[in-house]
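The chains referred to below are lettered A, B, ... by the order of the sequence lines, with proteins before strands, and numbering in each begins at 1. Basis for what follows: all heavy atoms, side chains included, without hydrogens, waters or symmetry-related copies.
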Protein chains: 2
Amino acid sequence: MKHNALHMTLLLDYYGELLTEKQKTCFDLYYNQDLSLGEIAEEAGISRQGVHDTLSKAEQALLDFEQKLGCVARENRLQQLLQTISAAAQELEGTPQAERILDAVRKIKE
Amino acid sequence: MKHNALHMTLLLDYYGELLTEKQKTCFDLYYNQDLSLGEIAEEAGISRQGVHDTLSKAEQALLDFEQKLGCVARENRLQQLLQTISAAAQELEGTPQAERILDAVRKIKE
């Protein structure tokens, strides 16, 4: 089930606020804290099947948000282009312009 | 009612896909095509009050999405910092590095 954990946690970073509290909690325990379905069931006081269903719905919701809004894809592309800008600015190191550019790139990445 | 049209159309650009078809249509007719509530009511075959309620719900939904996800605020900040990068790169015009930087900025803005 946990076949694309990195992508899922990225999606959670972007769209987590749009999930229900219960979905968010299950998702965090499963993907970030690496608890098993059984452990989450015990912690949340629901059945193992209930945890499984909650996680499935949350995953589908996150994938739908990304399909509709595309924030993660846009962010990945942005990071690549910022990398291009940083590399070019570093070749101009020592100029005040390069410093301003690298400073702006840092602020964008924050 | 149409007190912050520019902000609303920006929100629609980002989060429109999360609205219902009916909300999206009313919103577009009102904010982008500048039809009156009465004209939209006639076009959609619903009451003027129905259009008003649909628009209010859509506006609230868009504001909620922005409060939770902050895409528009992040985009505004990104545009400012890209402006800083462009200005600095233009001072270095003629160097191949500046060309690479300006090209990357153009691609980000697309």
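Side-chain heavy atoms closer than 4.5 Å link hydrophobic residues (I, L, V, M, F, W, Y) into clusters, and following such links, even through other members, never connects Leu78(A) to Leu10(A). Hydrophobic clustering, with ILVMFWY side chains joined whenever heavy atoms are under 4.5 angstrom apart, groups Tyr14(B) together with Tyr31(B). Linking ILVMFWY residues whenever their side-chain heavy atoms come closer than 4.5 Å, directly or via other members, places Leu29(B) and Val51(B) in the same cluster.
Between the OG1 atom in Thr84(A) and the CD atom in Gln97(B) there is a gap of 13.0 Å [rounded to 0.5 Å]. Taking CZ of Phe65(B) as the reference point, atom CG of Leu69(A) lies at 8.0 Å (rounded to 0.5 Å).
Residue Glu75(A) qualifies as enclosed at atom CD: its count of foreign heavy atoms under 6.0 Å is above 12. The environment of NZ in Lys107(A) is sparse: at most 12 heavy-atom neighbours from other residues, nucleotides or ligands sit within 6.0 Å. Under a cut-off of 6.0 angstrom, the local environment of NZ in Lys22(A) is sparse, with at most 12 non-hydrogen atoms contributed by other residues, nucleotides or ligands.
What you find for Glu17(A) and Lys68(B) is that their closest heavy atoms are O-CD, 3.5 Å. The two atoms that bring Ala104(B) and Ile85(A) nearest to each other are CB-CG1, 3.6 Å, heavy atoms only.
Of the listed residues (Val105(A), Leu102(A), Leu81(A), Thr95(A)), the one with the most heavy-atom contacts under 4.5 Å to chain B is Leu81(A). For the options Ile108(A), Asp103(A), Leu82(A), heavy-atom pairs under 4.5 Å to chain B are most numerous at Ile108(A).
Using a cut-off of 4.0 Å between Lys/Arg side-chain N and Asp/Glu carboxylate O, Glu91(B) and Arg100(A) are scored as salt-bridged.
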